[in-house]
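Here's the structure we're looking at; comments come further down.
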Amino acid sequence: MAQYDLPYLPPTRRPCEPHPEVLQQFEVILDENCWSRMVSCYFYYFFQYVPCNVRAFLAEYIDERKKEARKLGKEQVEPALFTHEGRSYNALLKHRPNYTKFCGGEWNTFADDYELCAGDHIEFEPPDEGLNLKIQTYRDDKRLLPLPHVALDDLSSEDFDHVHCCVYSKDIELTYDQTRFFLQRLFGDTFICCRPFVHVLTPTNTKDCVMKIPRSVVSTLKRWVDMPTNGRVTLEAPDEPTHVITPSSYYICKNDGRMVIEKSSFRDFISAASFVEKNVVLITFKELHDRSVSIIIQRIL
DNA sequence: TACGCTTATTCTCGGAGATT
DNA sequence: AATCTCCGAGAATAAGCGTA
């Protein structure tokens, strides 16, 4: 361990305070290297030095864990950064006589996913066992979430397209966690493959009980099921404490192609499902056994 | 001819108003 | 009162135009 005791001293920094011998947790304040170090016009790479007062400990600790994992024949024999959101990054830990740093392609991905920049904090928690280094990211003491689109990364290209054609009411911006929840709802059941609709309930919906489905959603729905100008539908809220099912009807507005839900049944429906103003709902469609259509309305937040 | 910027046109959707 | 059409602000898209 002695050979690694030479501290890395960033040009603008003083040596770090010595750290207690047993380390439960440590924090790294990101510097400018963490997010933009240009190699050429086209490539960037990112890395982050580990403070000199903890690097020896961390390197030794990880080394022991690696040996342990190999001995036990574990699948994972390299350390990984495991974020609070359950995302795992196999960033490289480079331990050299005069510096220790996290780097490599997966560190880049991590920096991209969380849009890290200088001044952000990362809290590291070495694991009691295994090689997942638990981390939490902060900016100004506020926990940093990955960018929403990161939640999409395990989707097949078909599912990715399906998510991207989703119609949103204006002023909706979902966070990473909300996007994940929305995706779980969207792929949690088999719906008609038309454009999904994410809508924030307004007083027009909750007080006047007027509910209109956008033209672009309706036109894609028509590719899969027969939707005459007037017809019967079922309104369903499957996730509420009681699975709400309300028979209803609709008409399609001649002028703009929107589907308008019949008022009184929509009123019954939102009161039974306890939907209120500012709730964000995912609206999808299902074809029932008798070939009628059910409008599935799931609360996202 | 490709590109970027500005202007014109069309489309959308929330909500008001007319009709049944 | 419910159903349906229409209006208008803002967004999205297309067209026009100048520059390199």
Side-chain angles (χ1 to χ4, degrees), chain A residues 38 40-44 147-149 152 157-175 178-179 181-183 185-186 191-237 240 244-286 288 290-301:
Chain A
M38 197 188 282
S40 74
C41 293
Y42 303 105
F43 297 105
Y44 289 83
L147 298 176
H149 76 265
L152 306 176
S157 67
E158 249 174 58
D159 289 346
F160 190 85
D161 291 346
H162 189 51
V163 173
H164 272 263
C165 75
C166 185
V167 179
Y168 296 88
S169 298
K170 61 175 182 183
D171 303 333
I172 291 188
E173 265 187 52
L174 298 179
T175 65
Q178 291 160 356
T179 306
F181 188 70
F182 153 57
L183 294 180
R185 289 287 170 274
L186 183 60
F191 302 113
I192 296 172
C193 202
C194 65
R195 295 181 77 165
F197 177 38
V198 177
H199 177 64
V200 52
L201 295 177
T202 65
T204 310
N205 307 128
T206 55
K207 292 198 172 71
D208 304 340
C209 302
V210 171
M211 181 68 213
K212 293 178 180 180
I213 313 258
R215 172 202 172 98
S216 58
V217 175
V218 178
S219 60
T220 55
L221 179 66
K222 281 178 168 175
R223 288 183 207 154
W224 301 90
V225 282
D226 185 33
M227 296 300 285
T229 315
N230 290 278
R232 300 210 59 79
V233 282
T234 309
L235 304 172
E236 257 189 84
E240 299 310 313
V244 180
I245 302 178
T246 310
S248 180
S249 61
Y250 71 90
Y251 73 90
I252 290 175
C253 182
K254 277 185 196 138
N255 204 37
D256 54 22
R258 284 183 289 181
M259 177 193 277
V260 186
I261 310 297
E262 189 243 330
K263 219 169 177 174
S264 61
S265 55
F266 188 71
R267 178 182 292 121
D268 295 346
F269 174 74
I270 55 170
S271 109
S274 311
F275 285 152
V276 293
E277 195 187 326
K278 288 184 183 153
N279 276 166
V280 177
V281 292
L282 166 65
I283 297 175
T284 47
F285 302 83
K286 237 178 169 179
L288 305 178
D290 61 357
R291 309 209 67 185
S292 67
V293 169
S294 189
I295 303 178
I296 313 292
I297 303 178
Q298 305 180 78
R299 197 197 313 247
I300 300 177
L301 56 138

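Basis for what follows: all heavy atoms, side chains included, without hydrogens, waters or symmetry-related copies. Chain letters run A, B, ... following the sequence lines, proteins first, then strands; residues in each count from 1. Remember, predicted model here, so these are calculated numbers, not experimental data.
- Between A:I283 and A:F285, the shortest heavy-atom contact is CG2-CZ, 4.3 Å.
- Of the inter-residue distances, the one linking A:M211 atom CE with A:N205 atom CG reads 5.5 Å to the nearest 0.5 angstrom.
- Taking only side-chain nitrogens and oxygens, A:N230 comes nearer than 4.0 Å to OP1 or OP2 of C:dC4.
- Rounded to a whole Å, the CG atom of A:L201 is 15 Å from the C1' atom of B:dC13.
- Nucleic acid contact for A:T202: sugar-phosphate only, since backbone atoms but no base atoms lie under 4.0 Å from a heavy atom of the residue.
- Between A:D208 atom CG and B:dG14 atom C1' the separation is 11 Å, expressed in whole Å.
- In this structure, A:T284 and A:Q298 approach most closely via the heavy-atom pair OG1-NE2, 4.2 Å.
- At whole-Å resolution of the value, NZ in A:K278 and P in B:dG14 are 16 Å apart.
- The interatomic distance linking A:F197 (CZ) with B:dT12 (C1') rounds to 11 Å, in whole Å.
- Nearest nucleotide to the side chain of A:S169, out of B:dG14, C:dA2, C:dT5: B:dG14.
- Comparing A:R258 and A:S264, the nucleotide of DNA chain C nearest to each residue sits closer to the 5' end for A:S264.
- With distances taken from any side-chain atom of A:K263 to the nucleotides B:dT12, C:dA2, B:dG14, the minimum falls on C:dA2.
- For the pair A:M211 CE and C:dA2 P, the computed distance is 18 Å after rounding to whole Å.
- Across the protein-nucleic acid pair, A:K212 atom NZ and B:dA16 atom P stand 10 Å apart, rounded to whole Å.
- Nucleotide C:dC4 holds its P atom 6 Å from the OH atom of A:Y251, rounded to whole Å.
- Atom CD1 in A:I261 sits roughly 13 Å away from atom P in B:dG14 (whole-Å rounding).
- Nearest heavy-atom pair, A:V276 versus A:T206, reported as atom, atom and distance to 0.1 Å: C-CG2, 3.6 Å.
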